[in-house]
Amino acid sequence: MSRLTSKWNIIMDKNPKSPISEGYRILRTNLEFSLIDDKLQVIMVTSSTAGEGKSTTCANLAIAFAQAGKRVLLIDADMRKPTQHHIFSVSNRKGLTTILFHQQELQDAIQHTDIDNLTVVAAGPTPPNPSELLQSKRMESLLAALRDLYDVIIIDTPPIMLVTDAQLVASQSDGAVLVIDSGRVKRDAALKAKSYLEVVKAKIIGVVLNNIPVKDNDSYYYYYGESKEG
């Protein structure tokens, strides 16, 4: 069922049977089993630099959890270059900044999407001080309140090597996912991004490699499994 109409390629909604969609479901499962002793509820996603696909990964991962029946909230904490309101065609006039500035109550800033079980808090109007907002007591209280309302909270953050915002969110999250454009980002840059997360003692629970060519045999294998039910 395809209901998202934006230009973004949210393949979990448009083509849930594709090998790439299966990859997101595998990612979801791997993340669920990544922490043995601790509960994984708040997952932050970042990349080393801009344009590596972190926002698309956030959206697809959020849909993957929602399709599994989880109550999912996707927060766009990339206040400097917000994207999720474009992906899900919701308003960016309200969101994380209006909550943190006490201009709006939480329930008024949460927006429903066309995906069952998935709601979004857009970034909201661009503030002059994103870093200060993300490390505020209000942000800490917000995440604590959301933990009582949702099974999974996914947070889209800016690239970690450009600004400190992602490190601030990582320190408040249960786990961090690093998205890497395998065809563009050098090994040294990827390791540097990883070290930025380690500085704040973030739990790195996964690395997503984007732009890896998909072989034809991969899709054959998936649909072979499907045909056995017919």
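Atoms CD and CZ, on Glu22 and Arg28 in that order, are 8.5 Å from each other to the nearest 0.5 Å. The CD atom of Gln172 sits 10.0 Å away from the CE atom of Met44 when rounded to the nearest 0.5 Å. Atoms OG1 and CG, on Thr113 and Leu73 in that order, are 10.5 Å from each other to the nearest 0.5 Å. Going from atom NE2 of His102 over to atom CD of Gln104 covers 13.0 Å, rounded to the nearest 0.5 Å. Here OG of Ser141 is found 11.5 Å from CG of Leu106. Values are rounded to the nearest 0.5 Å. Ser48 OG to Asp188 CG: the interatomic distance, rounded to the nearest 0.5 Å, is 11.5 Å.
If you chain together hydrophobic residues whose side chains sit under 4.5 Å apart, Leu149 and Leu142 fall into the same group. No single ILVMFWY cluster, assembled from side-chain heavy atoms under 4.5 Å apart, contains both Ile26 and Ile204. Linking Ile, Leu, Val, Met, Phe, Trp and Tyr residues whenever their side-chain heavy atoms come within less than 4.5 Å leaves Val177 and Val199 in two separate clusters. There is no path of hydrophobic side-chain contacts, each under 4.5 Å, that joins Val163 to Val200. Hydrophobic clustering (side-chain heavy atoms under 4.5 Å, transitive across Ile, Leu, Val, Met, Phe, Trp, Tyr) keeps Ile205 apart from Leu191.
When atom types are taken as modelled, the side chain of Asn60 and the backbone of Ser21 share no donor-acceptor pair closer than 3.5 angstrom. Checked by atom type and distance alone, the side chain of Thr98 never pairs as donor or acceptor with a backbone atom of Gln103 at under 3.5 Å. The backbone N or O of Val42 sits nowhere less than 3.5 Å from a side-chain atom of Arg147 that would complete a donor-acceptor pair. Distance alone, capped at 3.5 Å, is enough to place a donor-acceptor pair between the Gln67 side chain and the Met12 backbone. Checked by atom type and distance alone, the side chain of Asp181 never pairs as donor or acceptor with a backbone atom of Glu52 at under 3.5 Å. Panel note: side chain Gln167, backbone Tyr196; a donor-acceptor pair is recorded below 3.5 Å. With hydrogens and angles ignored, the 3.5 Å screen pairs no side-chain donor or acceptor of Asn210 with any backbone N or O of Ile180. Distance alone, capped at 3.5 Å, places no donor-acceptor pair between the Asn211 side chain and the Ser182 backbone.
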Q: Start with the C-alpha distance between Leu96 and Asp76, add both sets of side-chain angles, then the distance that settles side-chain contact (heavy atoms from CB on, under 4.5 Å), and finish with yes or no.
A: CA-CA 7 Å; Leu96 187 56; Asp76 193 347; over 6 Å; no

Q.
side-chain contact (heavy atoms from CB on, under 4.5 Å), that's the test. Do Leu74 and Phe88 meet it? Break it down for me.
A. CA-CA 11 Å; Leu74 174 57; Phe88 290 99; 3.6 Å; yes

Q: Take Val208 and Val45 through the test side-chain contact (heavy atoms from CB on, under 4.5 Å) and record every step on the way to the result.
A: CA-CA 10 Å; Val208 176; Val45 180; over 6 Å; no

(Q) Test side-chain contact (heavy atoms from CB on, under 4.5 Å) on Val72 and Ile115; report intermediate values, then the result. (A) CA-CA 10 Å; Val72 182; Ile115 307 296; over 6 Å; no

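Test Asp78, Thr46, Thr157, Thr49 against Lys54 for side chain to side chain donor-acceptor pair (under 3.5 Å) and you get one pass: Asp78. The only member of Arg71, Gln41, Lys70 that meets side chain to side chain donor-acceptor pair (under 3.5 Å) when paired with Asp151 is Arg71.
Between Ser131 and Asp165, the closest heavy-atom pair is OG-OD1, 2.8 Å. A pairwise comparison of heavy atoms in Lys94 and Ala109 identifies CD-CA, 4.2 Å as the closest pair. Nearest heavy atom pair, residue Met79 against residue Pro82, reads O-CD, 3.7 Å. In plain terms, the two heavy atoms of Leu162 and Ala50 that are nearest each other are CD1-N, 4.2 Å. The minimum heavy-atom distance between Pro16 and Arg25, with the atom names listed, is O-NH2, 2.7 Å. Heavy atoms only, all atoms of each residue included: Leu40 and Gly175 are closest at CD1-N, 4.1 Å.
Between Ile75 and Gln84 the shortest side-chain heavy-atom distance does not fall below 4.5 Å. Using a 4.5 Å heavy-atom threshold, the side chains of Met139 and Leu133 count as separate. Residues Ile43 and Phe65 are in side-chain contact: their nearest non-hydrogen atoms beyond the backbone lie under 4.5 Å apart.
At most 12 heavy atoms of other shown residues, nucleotides or ligands fall within 6.0 angstrom of atom CZ in Arg93.
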